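Below: the structure, in structure tokens.
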Amino acid sequence: MNQKKEWEPYEHKVQYYETDQMGIVHHSNYIRWFEEARTDYMEKMGMGYDQMEARGILSPVLSVEADYHQMVRFGETVTIETFIKEYNGIRLTVGYEVIDQENQRLCCRGTTKHCFLDREGKFLSLKQACIEYHQMFVQGLEDHKDK
């Protein structure tokens, strides 16, 4: 396989509109941050959503989980570590760790589960439909297991 790849984690500065009256980030925003970080991660891997969809490959979200550990407040910056947690060619689980940039505390840990479909909504095996994307996900899974 390819050499292990390391990328800078996705950074996000908390905006005022993402918070409640107490200046604390509303829980729903973490899900948005997961998507921002996943999109960034996939682009760094060399296969953004735009490229996948141009090839007729769709990847809907099947489920989302988030465990909240520490509050994040307006004005803070977080980094979101994104990694491939599980992959079998048809289904993908992406993991996330939201970390306060200033003191490196874990604020939230979560996952999103996805599958791959063609434009007609039929399941796709990336190993058969697009071997280069399959290999990138396999490499991402191996990279995470090596940590």
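All values below come from the heavy atoms of this structure, side chains included, with hydrogens, waters and symmetry mates left out. This structure is a prediction, so every number in the text was calculated from the model and none was measured.
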Check for me, please, whether [X] and [Y] land in the same ILVMFWY cluster - side-chain distances under 4.5 Å, paths through other members count.
| X | Y | answer |
| --- | --- | --- |
| Ile80 | Phe74 | no |
| Val14 | Tyr96 | yes |
| Met71 | Met22 | yes |
| Met52 | Val138 | yes |
| Met47 | Leu117 | no |

Check [X] against [Y] and note the closest heavy-atom contact, atom names and distance.
| X | Y | value |
| --- | --- | --- |
| Leu126 | Tyr87 | CB-OH, 3.4 Å |
| Glu81 | Pro9 | OE2-CG, 3.6 Å |
| Glu65 | Phe34 | O-CE1, 3.6 Å |
| Gly48 | Glu43 | CA-CG, 3.9 Å |
| Thr111 | Gly95 | CG2-CA, 4.3 Å |

In Å and rounded to the nearest 0.5 Å, what is the [atom1] to [atom2] distance from [X] to [Y]?
| X | Y | atom1 | atom2 | answer |
| --- | --- | --- | --- | --- |
| Tyr133 | Met45 | OH | CE | 11.0 Å |
| Lys127 | Asn88 | NZ | CG | 11.0 Å |
| Cys107 | Arg73 | SG | CZ | 10.0 Å |
| Lys85 | Lys113 | NZ | NZ | 8.0 Å |
| Glu142 | Ile84 | CD | CD1 | 12.0 Å |
| Asp20 | Asn29 | CG | CG | 10.0 Å |

TODO: For His69, enumerate each residue passing the side-chain contact (heavy atoms from CB on, under 4.5 Å) test, keeping only those at least two apart in sequence or located in another chain.
DONE: Asp67, Leu106, Arg109
Open item on the list: If the condition is side-chain contact (heavy atoms from CB on, under 4.5 Å), which residues does Tyr49 pass it with, not counting sequence neighbours?
Closed with: Arg38, Thr39, Met42, Ser59, His114
TODO: Assess whether side-chain contact (heavy atoms from CB on, under 4.5 Å) is satisfied between Phe116 and Leu58, documenting all intermediate values.
DONE: CA-CA 6 Å; Phe116 300 98; Leu58 307 176; over 6 Å; no
- [ ] Can you sort out the partners of Glu76 under salt bridge (charged side-chain N to carboxylate O under 4.0 Å, His left out), two or more places apart, ordered by chain and number?
- [x]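 Arg105.
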For residues [X] and [Y], determine if any side-chain heavy atom of one lies less than 4.5 Å from a side-chain heavy atom of the other.
| X | Y | answer |
| --- | --- | --- |
| Ser125 | Ile90 | yes |
| Val78 | His12 | yes |
| Leu62 | Arg91 | yes |

Please enumerate all residues that pass side-chain hydrogen bond (donor to acceptor under 3.5 Å, both in side chains) together with [X], with sequence neighbours excluded.
| X | answer |
| --- | --- |
| Glu102 | none |
| Ser63 | none |
| Glu86 | Thr93 |

- [ ] Go through the steps for Leu124 and Ile57 under the test side-chain contact (heavy atoms from CB on, under 4.5 Å), then give the verdict.
- [x] CA-CA 8 Å; Leu124 275 180; Ile57 302 168; 3.9 Å; yes
Open item on the list: Can you confirm whether Glu8 is buried at CD, in the sense that more than 12 heavy atoms of other residues, nucleotides or ligands lie under 6.0 Å from that atom?
Closed with: no
Task: Test side-chain contact (heavy atoms from CB on, under 4.5 Å) applied to Gln70 and Asp100, step by step - done: CA-CA 9 Å; Gln70 296 284 324; Asp100 178 274; over 6 Å; no
Please check: side-chain N/O of [X] versus main-chain N/O of [Y], any donor-acceptor pairing under 3.5 Å?
| X | Y | answer |
| --- | --- | --- |
| Tyr68 | His27 | yes |
| Asp50 | Glu53 | no |
| Gln15 | Lys13 | yes |

- [ ] Evaluate the criterion side-chain contact (heavy atoms from CB on, under 4.5 Å) for residue pair Glu35 and Arg32; output intermediate values, then yes/no.
- [x] CA-CA 5 Å; Glu35 184 165 344; Arg32 291 178 182 91; 5.8 Å; no
